[in-house]
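Beneath this line is the structure, given in C-alpha cells, with notes to follow.
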Amino acid sequence: QVQLVESGGGLVQAGGSLRLSCAASGRTFSTYVLGWFRQAPGKEREFVAVVSGSGTRTDYADSVKGRFTISRDNTKNTVYLQMNSLKPEDTAVYYCAARAGSYYYSLPREYNYWGQGTQVTVSS
C-alpha cells in the first residue's frame, strides 16, 4: 500500500515557475514507477511525466517537454515536478501516481495509487 500527498501548487503568472512535490509512504518506494498527471475542468486526466524506480529514465508529454522536469529522491520518498515557462493552458489539478512494475506507464488506468491532487493556476 502506498499513500501519496502532493504539495506545491498555487497561482503563478504566465512564464513563471512552480515546483510540485509528492511525498509517499511505504518502505519500497524505489520499486515504484511514479507519474504526474493533470486534469483541467471538463477534460480527461492526461499524462504529464513519468520516472523510473531508479530515477534514471524519464519521459514527458510533448506539451511539456523542455519546460517540465520530473525527478525523485528515493532517500526522501519524494517525487518532484519542476515546471518552468508556465502557460495558461497548464492550469489544472496535478496528481501524482504510483505503481509497481517495470518502466513505463503513461495511462491513468495503469496506476494503482493516486494522491489527492494539487491545483495549479497560471494567469495570463
Side-chain angles (χ1 to χ4, degrees):
Q1 188 78 8
V2 177
Q3 292 184 323
L4 304 170
V5 179
E6 302 98 335
S7 61
L11 173 64
V12 64
Q13 288 189 333
S17 298
L18 280 176
R19 188 195 197 200
L20 305 183
S21 300
C22 177
S25 65
R27 293 175 292 178
T28 58
F29 181 73
S30 63
T31 66
Y32 286 84
V33 173
L34 298 171
W36 284 98
F37 292 79
R38 65 187 181 186
Q39 188 166 18
K43 295 188 176 182
E44 294 187 352
R45 193 166 298 188
E46 65 173 5
F47 168 75
V48 174
V50 60
V51 61
S52 63
S54 64
T56 57
R57 297 182 65 182
T58 59
D59 277 278
Y60 299 89
D62 288 343
S63 59
V64 307
K65 203 169 292 184
R67 300 188 297 123
F68 290 11
T69 302
I70 189 172
S71 62
R72 66 190 293 165
D73 185 341
N74 287 344
T75 66
K76 297 182 179 179
N77 280 19
T78 302
V79 61
Y80 306 97
L81 185 68
Q82 178 66 44
M83 306 186 294
N84 298 329
S85 302
L86 282 161
K87 305 174 181 180
E89 50 264 44
D90 294 318
T91 295
V93 177
Y94 282 71
Y95 299 88
C96 68
R99 69 153 291 161
S102 301
Y103 191 80
Y104 114 135
Y105 308 99
S106 63
L107 300 175
R109 60 179 168 81
E110 295 176 309
Y111 286 78
N112 308 108
Y113 305 103
W114 292 86
Q116 82 290 350
T118 185
Q119 177 70 47
V120 171
T121 303
V122 184
S123 63
S124 56

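- Checked against salt bridge (Lys or Arg N to Asp or Glu O under 4.0 Å), E46 has the following partners two or more places apart in sequence or in another chain: R38.
- E6 has its side chain out of reach of L20: every pair of non-hydrogen atoms, C-beta onward, lies at least 4.5 Å apart.
- Using a 4.5 Å heavy-atom threshold, the side chains of Q39 and Y95 count as touching.
- With sequence neighbours left out, R67 forms a salt bridge (Lys or Arg N to Asp or Glu O under 4.0 Å) with D90.
- Residues satisfying the salt bridge (Lys or Arg N to Asp or Glu O under 4.0 Å) test with K43, not counting sequence neighbours, are none.
- S124 is linked by a side chain to side chain donor-acceptor pair (under 3.5 Å) to nothing, counting only residues two or more places apart in sequence or in another chain.
- Rounding to the nearest 0.5 Å gives a distance of 11.0 Å between OG1 of T69 and CE of M83.
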Donor-acceptor pairs under 3.5 Å, side chain of residues 105-114 to any protein atom, not counting sequence neighbours: which ones?
from : atom 1 : to   : atom 2 : distance (Å)
Y105 : OH     : S102 : N      : 3.2
Y105 : OH     : S102 : O      : 2.7
E110 : OE1    : S106 : N      : 3.0
E110 : OE1    : L107 : N      : 2.9
Y111 : OH     : Y105 : O      : 2.7

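- Note: F47 CZ to Y60 OH = 9.0 Å, rounded to the nearest 0.5 Å.
- No more than 12 heavy atoms of other residues, nucleotides or ligands sit less than 6.0 Å from atom CD of Q3.
- Every residue two or more places apart in sequence or in another chain that forms a side-chain contact (heavy atoms from CB on, under 4.5 Å) with S17 is listed here: Q82, N84.
- Grouping the Ile, Leu, Val, Met, Phe, Trp and Tyr side chains by contacts below 4.5 angstrom, directly or via other members, places W36 with V64.
- Residues Y104 and V50 approach most closely at CD1-CG1, 3.3 Å, considering heavy atoms.
- Within the structure, disulfide bond (SG atoms under 2.5 Å apart) contacts touching residues 7-106 (residues at least two apart or in different chains) are C22-C96.
- Residues passing the side chain to side chain donor-acceptor pair (under 3.5 Å) test with Y103, sequence neighbours excluded: D59.
- Nearest heavy-atom pair, G55 versus V51, reported as atom, atom and distance to 0.1 Å: CA-CG2, 3.6 Å.
- Contacts of T31 classified as side-chain contact (heavy atoms from CB on, under 4.5 Å), with partners at least two apart in sequence or in another chain: T28.
- In this structure Q119 satisfies the side chain to side chain donor-acceptor pair (under 3.5 Å) test together with T121, sequence neighbours excluded.
- With rounding to the nearest 0.5 angstrom, the CG atom of L34 is 9.0 Å from the OG atom of S52.
- At a threshold of 4.5 Å between non-hydrogen side-chain atoms, the residues L81 and F68 count as touching.
- Taking V12 as the reference, L18, L86, V122 meet the side-chain contact (heavy atoms from CB on, under 4.5 Å) condition, with sequence neighbours excluded.
- Rounding to the nearest 0.5 Å gives a distance of 12.0 Å between OG1 of T58 and CZ of R72.
- Scored by the side-chain contact (heavy atoms from CB on, under 4.5 Å) test, A23 finds T78 as partners (sequence neighbours excluded).
- Note: N74 CG to Y32 OH = 12.5 Å, rounded to the nearest 0.5 Å.
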